[in-house]
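The structure appears below as structure tokens.
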Amino acid sequence: MENSNRKEAIVAGVSLIIMALAAGYAYGYVQSKLIVVGNPAATLTNLNSATGLFGSGVIGWVIILITDLLVAWSLYRFFAQVDARIALATGVVRAVYSAILAFAIFHLAGVWQMLSSGNQDAMALMNLMAAFEKYWSLGLILFGVHLLGLGYLSLKSNFVPKWMGWSLYVAGLSYMAIHGAKAIAPQASDAIAMAEMILGAPMAVAELALAVWLVWKGGKPRR
């Protein structure tokens with residue numbers, strides 16, 4: 001089985017890299033800098049002093065959404081010859097995750113709109129931020145299912161390195177376990193945070209490694 005879908009590999013790989021950079025900026029920098037968990041007044045003060053920065057973070061999330069959809073389509077095309085039905089199901093799952101992410105981003109847009117208006121309420125603002133976190137986290141359970149599908153397709157193929165398929169399995173199970181626990185047992189936040197810290201590296205590295213491989217070697221005919 002020889003994969004020659006070089007164009008799809010490049011689109012998927014570049015989209016995944018752009019997504020990682022946008023997520024690092026929007027969530028890792030902007031929101032971690034401005035949002036003070038458990039302190040609505042301090043959060044409102046931060047956001048009022050950096051409304052433009054927060055808006056750029058919202059734009060970053062829109063970029064993440066667009067690249068997510070590109071990844072869903074291009075990876076379906078890339079893996080269709082391995083197992084067309086599983087590749088389609090995997091792509092659909094990611095598309096549904098993207099729809100949930102879009103709904104979560106809608107709440108961030110509500111925060112941005114509130115900051116631009118004269119009617120600001122610190123608690124209402126924090127409720128919108130909490131809704132974003134809630135729906136995004138629920139969506140990440142489906143994202144874990146998507147990674148399981150990619151792991152299966154990678155292992156079934158004879159062109160993706162086997163270690164990459166297993167790492168996608170580990171990442172998928174980790175996403176499902178952590179964000180499923182957040183939904184079912186939010187009271188165990190300390191234990192969940194510890195698990196997320198331990199599993200954070202394999203969760204992040206698996207898809208990023210796939211991105212680099214797709215850009216570097218994906219779809220090239222083997223000699």
Worksheet item: What's the shortest heavy-atom distance between G172 and L147, and which atoms?
Response: CA-CB, 3.7 Å
Is there side-chain contact between [X] and [Y], with heavy atoms separated by less than 4.5 Å?
X: Y97; Y: H146; value: no
X: M176; Y: L148; value: yes
X: R77; Y: V11; value: no
X: V92; Y: Y76; value: no
X: L155; Y: K162; value: yes
X: I192; Y: I178; value: yes

Looking at [Y], is its backbone amide N or carbonyl O close enough to the side chain of [X] to form a donor-acceptor pair, meaning the two atoms are under 3.5 Å apart?
X: N5; Y: E8; result: no
X: S15; Y: A12; result: no
X: R6; Y: G218; result: yes

Discussion item. Hydrophobic clustering (ILVMFWY, side-chain heavy atoms < 4.5 Å, transitive) - are I86 and L142 grouped together?
Written reply: yes
Discussion item. Quick check on the hydrophobic clustering: are L69 and I17 connected, directly or via other members, by side-chain heavy-atom contacts under 4.5 Å?
Written reply: no
Discussion item. Are F132 and Y27, when compared by the centres of their aromatic rings, separated by less than 6.0 Å?
Written reply: no
Discussion item. Can you confirm whether or not the ring centre of H107 sits under 6.0 Å from the ring centre of Y135?
Written reply: yes
Discussion item. Checking side-chain polar atoms at under 3.5 Å, does Y169 have a donor or acceptor matched by the opposite partner on S154?
Written reply: no
Fill in: Qualifying residue for side chain to side chain contact (heavy atoms under 4.5 Å, CB included) with L75, from L153, T90, L214
L214
Item to complete: Check the angle between the aromatic planes of F78 and F159 and answer parallel, tilted or perpendicular using the 30° and 60° thresholds.
Response: perpendicular
Discussion item. Can you tell me how the ring of F103 sits relative to the ring of F106, calling it parallel under 30°, perpendicular over 60° and tilted otherwise?
Written reply: parallel
